[in-house]
Amino acid sequence: MIPAPLKARAAVHNGESSSLDIRTIDVAAPGPGSVLVRLGASGVCGSDRHVLDGDWQLPSPTVMGHEGAGTVAAIGEGVVDVAVGDHVILSWFYPCRRCTACVSGRSYVCTGSRAEECLLPDGTSALSENGTRVFPYLAVGSMSEYTVVPESGAIKVPAAVPFDVASLIGCSIATGYGAVVNDAAVQAGQSAVVVGTGGVGLSIIMALNLVGANPIIAVDLSEEKLAAARELGATHTLQPGNDLAAQIQEITGGGADFAFEAIGRVQTIESLPGLITGGGKAVIVGLPPQDAPVSIDALELAESGKSLIGSNYGSTVPGRDFPRLAELYLAGKLPVDKLISDRIKLDEVNEAFDAMRRGERARSVIVFD
Ligand code: APR
Ligand code: ZN
């Protein structure tokens, strides 16, 4: 067993700067119900960028990263779901397992989780620096060599799944797959538009391809992203522009059955109802900045029987969906590796965020030694 407390190199956000410091933090031994994880990989996700760019307020200092996978290095008292040596994917919304939502199978709207406070269930953090508390982002903090998470936030998956792939299953893949399967319930032969094809949008396209949606129309500013979208199953790729709705109407014969927004921009969210046919579903997957309301033509929405739904983390139930996604990957049905454009070191994380701000790279993944 790895002795804890121990030291770990980690990417720390001080609450103000939009770049991260690579520093050595202290990691305490896991307390009751918690698990010490040695990270194998961490994705660099758009939600981390929101935090760095000040779109969302968080406690600080924070170890960033919420899309991670690794090996269980030690377990706290009472932990039964995982054992030392297990490979786990981390969930950024650990369920409390006791609230009404959790016991009725809807842990994605758990009311007892303290994940959004970046705290373990007992209100503590196992991370610190010179005696000062450091918060793991969304109770994950995967941009660190080690972290401590609640047992309910570490899901065992087969060791045959490489860590870089497993890390993406923990956020972008689960979000995209869940938006398509759990929330929109897309059926074979139905048409779909995906606006924004970064890591999350490309994951939506992969899931649309898996369930047999057709046509699958990808919309992005970047030709590099559109090429990746074609590779993952998009049948049509478009640059956004004035005639986007008309082009989609022409391809689909009157509007798509589904439109997904995977950027988190107010204007593109507002454009969604105009891309779908009567009775269609518009799905908000991208998360906009705080306090940025959108405006919708409610009369048009009601008269044409359209729905606008929110999808957070694809309504993922981690203990059900992570193993399922891992098996789909192992069966060759979900080519998660095609999403990984860059494998980087922890020290290169700021360059990865800069590339993301320029609209470059499908997904950068930090790989730990
Ligand atoms: N029209 C079309 N595409 C755009 C536009 C636009 N106006 N503006 C940006 N994009 C594209 C970018 O080119 C990029 O490919 O949106 C994509 C965003 O992808 P990423 O930056 O890689 O972000 P991602 O990790 O996919 O997250 C997207 O989902 O979960 C949320 O918080 C997350 O809000 C974020 C969103
Ligand atoms: Zn994410």
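Note that the structure is a prediction, hence the values are computed from the model and not measured. Each residue takes its place number in the sequence, starting with 1. We count ligands from 1, going down the list as the structure has it; atoms in each ligand are counted the same way.
Shown in contact with Trp56 at under 4.0 Å from a heavy atom are these atoms of ligand 1, numbered in order with element: 32 (O). Ligand-side atoms of ligand 1 in range of Gly286: 29 (O), 31 (C), 34 (O), 36 (C), range being under 4.0 angstrom from any heavy atom. Close approach to Gly199 involves these atoms of ligand 1, each under 4.0 Å from a residue heavy atom: 22 (O), 26 (O). Residue Met356 approaches ligand 1 through these ligand atoms, each under 4.0 Å from one of its heavy atoms: 21 (O).
For ligand 1, none of its N or O atoms has an N or O atom of Arg49 under 3.5 Å away. Of the N or O atoms in Lys225, one or more lie within a sub-3.5 Å distance of an N or O in ligand 1. On a distance-only criterion, Ala362 and ligand 1 share no N/O pair closer than 3.5 Å. Where the criterion is an N or O separation shorter than 3.5 Å, residue side chain and backbone included, Val200 meets it with respect to ligand 1.
When side chains are defined from C-beta on, Leu308 counts as touching Ile284, because their heavy atoms get closer than 4.5 Å. Between Leu339 and Ser203, some side-chain heavy-atom pair lies under the 4.5 Å cut-off. A 4.5 Å side-chain heavy-atom check between Met206 and Leu210 finds every atom pair outside the cut-off.
Here Thr197 has backbone heavy atoms under 4.0 Å from ligand 1, and that is the only part of it that gets that close. Residue-level proximity to ligand 1 for Arg363 is carried by the side chain, the only part with a heavy atom below 4.0 angstrom. Only side-chain heavy atoms of His50 come within less than 4.0 Å of ligand 1; its backbone N, CA, C and O stay farther off. Both the backbone and the side chain of Ser47 come within 4.0 Å of ligand 1, judged by heavy-atom distances. Counting heavy atoms under 4.0 Å from ligand 1, residue Phe353 does not touch it at all.
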For this session: Please report the C-alpha distance between Ser191 and Asp257 in whole Å, then the side-chain angles of each, then the deciding distance to 0.1 Å, and finally whether the side-chain hydrogen bond (donor to acceptor under 3.5 Å, both in side chains) criterion is met.
Result: CA-CA 5 Å; Ser191 56; Asp257 294 311; 3.2 Å; yes
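In this structure, the side chain of Ser91 engages the main chain of Phe93 through a donor-acceptor pair within 3.5 Å. At least one donor-acceptor pair closer than 3.5 Å links the side chain of Ser125 to the backbone N or O of Val134. In terms of modelled atom types and a separation under 3.5 Å, the side chain of Glu261 and the main chain of Arg265 share a donor-acceptor contact.
For the residue pair Gln57 and Gln290, the shortest heavy atom distance occurs at N-OE1, 3.3 Å.
Scanning the protein heavy atoms around atom 36 (C) of ligand 1, the nearest turns out to be Ile263 O, 3.5 Å. Looking at atom 20 (P) of ligand 1, its nearest protein heavy atom turns out to be Gly198 CA, 4.0 Å. Among protein heavy atoms, the minimum distance from atom 7 (N) of ligand 1 is reached at Arg265 NH1, 3.0 Å. For atom 1 (N) of ligand 1, the closest non-hydrogen atom on the protein side is Pro240 CG, 3.6 Å. The protein heavy-atom contact nearest to atom 8 (N) of ligand 1 is Leu221 CD1, 3.6 Å. Scanning the protein heavy atoms around atom 13 (O) of ligand 1, the nearest turns out to be Asp220 OD1, 2.6 Å.
The aromatic rings of His66 and Tyr137 sit perpendicular to each other, their planes meeting at more than 60°, with 30° as the lower class boundary.
Between Thr175 and ligand 1 there is no heavy-atom distance shorter than 4.0 Å.
Defined by atom type and a distance below 3.5 Å, a donor-acceptor pair is present between the side-chain atoms of Asp183 and Ser311. Of the N and O atoms on the side chains of Arg230 and Thr237, at least one donor lies less than 3.5 Å from an acceptor on the other residue.
Of the listed options Gly314, Ala262, Gly46, Gly176, Ala262 places a heavy atom closest to atom 18 (C) of ligand 1.
Taking hydrophobic clusters as Ile, Leu, Val, Met, Phe, Trp and Tyr residues chained together by side-chain heavy-atom distances below 4.5 Å, Ile204 shares a cluster with Tyr329.
Here Ile89 contributes atom CD1 and Lys156 contributes atom NZ; the two are 13.0 Å apart, rounded to the nearest 0.5 Å.
Our summary of the site lists the angle at the Zn ion (ligand 2) between SG of Cys45 and SG of Cys171 as 130°, to the nearest 10 degrees.
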